[in-house]
Amino acid sequence: MKVILRYPKREVEITGRRRVKDLLRELDVLPETVLVIRGEDLLTGDAVVGDEDVIELRPVISGGRRRP
Amino acid sequence: MKCRKCGEGAALELRRHNAAFCAPHFTEFLRKQVREAIRQHRMFTPDETVMVAVSGGKDSLALWDVLIEEGYRTVGLYLDLGIFDYSRESREKCEAFAAARGQQLLVESVESAMGAPIPEVQKATRRPTCSACGLSKRYLINRAALTHGFPVVATGHNLDDEAATLFGSVMHWQTEALPRQSPALPSTHPKLVRRVKPLYRLAERETAAYAFLRRIDYIVEECPFAEGATSLAHKEVLNRLEAASPGAKHNFLFGFLERARPAFDRPEAVRLAECAACGQVTTGEVCAFCKLVDQVKRRVAP
């Protein structure tokens, strides 16, 4: 699947089906800090995503990002 | 995951409420939280026109949308900070939002008020950028509301913003800042307009979800000056706590508001005067905004 991240905007390719909450854990993204978007829908942590999906992890934190 | 209300597939899980909602019931939940905030703190009445300070981001546009949907009379105020493409794009979002809903949008420019846009203001002062910008915004928003005769200003501050501000104040034991932290600040001087934060009961993930589900076109990119801001470090700490213990942010803020804040109220009122230069409210002789403008002028002048 293609996962779109921001700050900086980038895409990562991940293979295999998994739950959204596991995907976030693998990418070290706190669930409280993003919306998980597939097309027109928001996904909850138990939703399963697979190879054909394009998933956007849209940050929700106002005030930009922390300096790495 | 199923919606708590109707059993359909959920769009959003709210761990701190131990609940999940489908899109329509989440929208209903969010509006109910805003109604509760307005009611509990008597923020404004249907007879008053609310000036909504909008930045083009998710929170302020979600707030404006809710207030319109709830039937309030509103006017938007966009403050053009002059921060390159970020300001241009965020202004366009606000204008498109207002036009699509037939609402009035007022626009004020920092450059015309201060003689320079925020990036130049920042160079003229030793204050951190966010501090100079925040000071300018508070001043110009209040002045705009006074000029146009609006009794109340609503801002899009959410639960995360408020919890992070509280965390910062507590970390430095800024006890003088604690009594001022409130979802509603009444007018304490004829030239100070009431300020309210109707989204303070909602986490920013919730306001973002509302904006997404309502198809509000907001600016996702953040202000380029915010990178590395201390408030973000505080938000990250709080979000790590939240992940380990859902409800941590809510308990921190609401516990303070309900139980701790009164202990920091000072009996002696701060003496408010009018600035010798501009006539706006200050605790000194000349207000902080005029001092900042003076610094900018000295730097800009050859």
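Just so we're on the same page: letters track the sequence lines, and every chain starts at 1.
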Contact part of Ala209(B) toward chain A, heavy-atom cut-off under 4.5 Å: side chain, backbone, both or neither? both

Close side-chain approach of Leu35(A) to Arg205(B), heavy-atom, < 4.5 Å: yes

Residue part contacting chain A, namely of Tyr218(B), when any heavy atom lies under 4.5 Å: side chain

Rounded to the nearest 0.5 angstrom, the OG-CD1 distance for Ser231(B) and Ile61(A) is 10.5 Å

Under 4.5 Å to a heavy atom of chain A? For Ala23(B) that would be neither

Within a reach of under 6.0 Å around CD of Glu69(B), are more than 12 heavy atoms found that belong to other residues, nucleotides or ligands? yes

At a heavy-atom separation under 4.5 Å, does Glu206(B) approach chain A through its side chain, its backbone, both, or neither? neither

Considering residues, nucleotides and ligands other than Arg215(B), do more than 12 of their heavy atoms fall under 6.0 Å from its CZ? yes

At a 4.5 Å cut-off on heavy atoms, which part of Val34(A) comes close to chain B: side chain, backbone, both, or neither? backbone

Measuring from Asp41(A):CG to Leu213(B):CG, what's the distance to the nearest 0.5 Å? 9.0 Å

Tell me the closest heavy-atom pair linking Val60(A) and Ala208(B), and the distance in Å. CG1-CB, 3.4 Å

Leu30(A), part contacting chain B, at a heavy-atom distance under 4.5 Å: side chain

Taking atom CD of Glu221(B) and atom OH of Tyr7(A), what is their separation to the nearest 0.5 Å? 5.5 Å

May I ask you to name which of Glu242(B), Lys58(B), Arg15(B) has the most heavy-atom pairs under 4.5 Å with chain A? Lys58(B)

Could you pull out every donor-acceptor pair under 3.5 Å between side chains of residues 247-257 of chain B and any protein atom, sequence neighbours left out?
from	atom 1	to	atom 2	distance (Å)
Lys249(B)	NZ	Glu32(A)	OE2	3.1
Lys249(B)	NZ	Asp160(B)	OD2	2.6
Lys249(B)	NZ	Asn239(B)	OD1	2.5
His250(B)	ND1	Arg16(B)	NH1	3.1
Asn251(B)	ND2	Gly247(B)	O	3.2

Would you say that more than 12 heavy atoms from the other residues, nucleotides or ligands in this model lie under 6.0 Å from the CZ of Arg201(B), or not? yes

Supply the atom-to-atom distance Leu43(A) CG to Glu13(B) CD, rounded to the nearest 0.5 angstrom. 12.5 Å

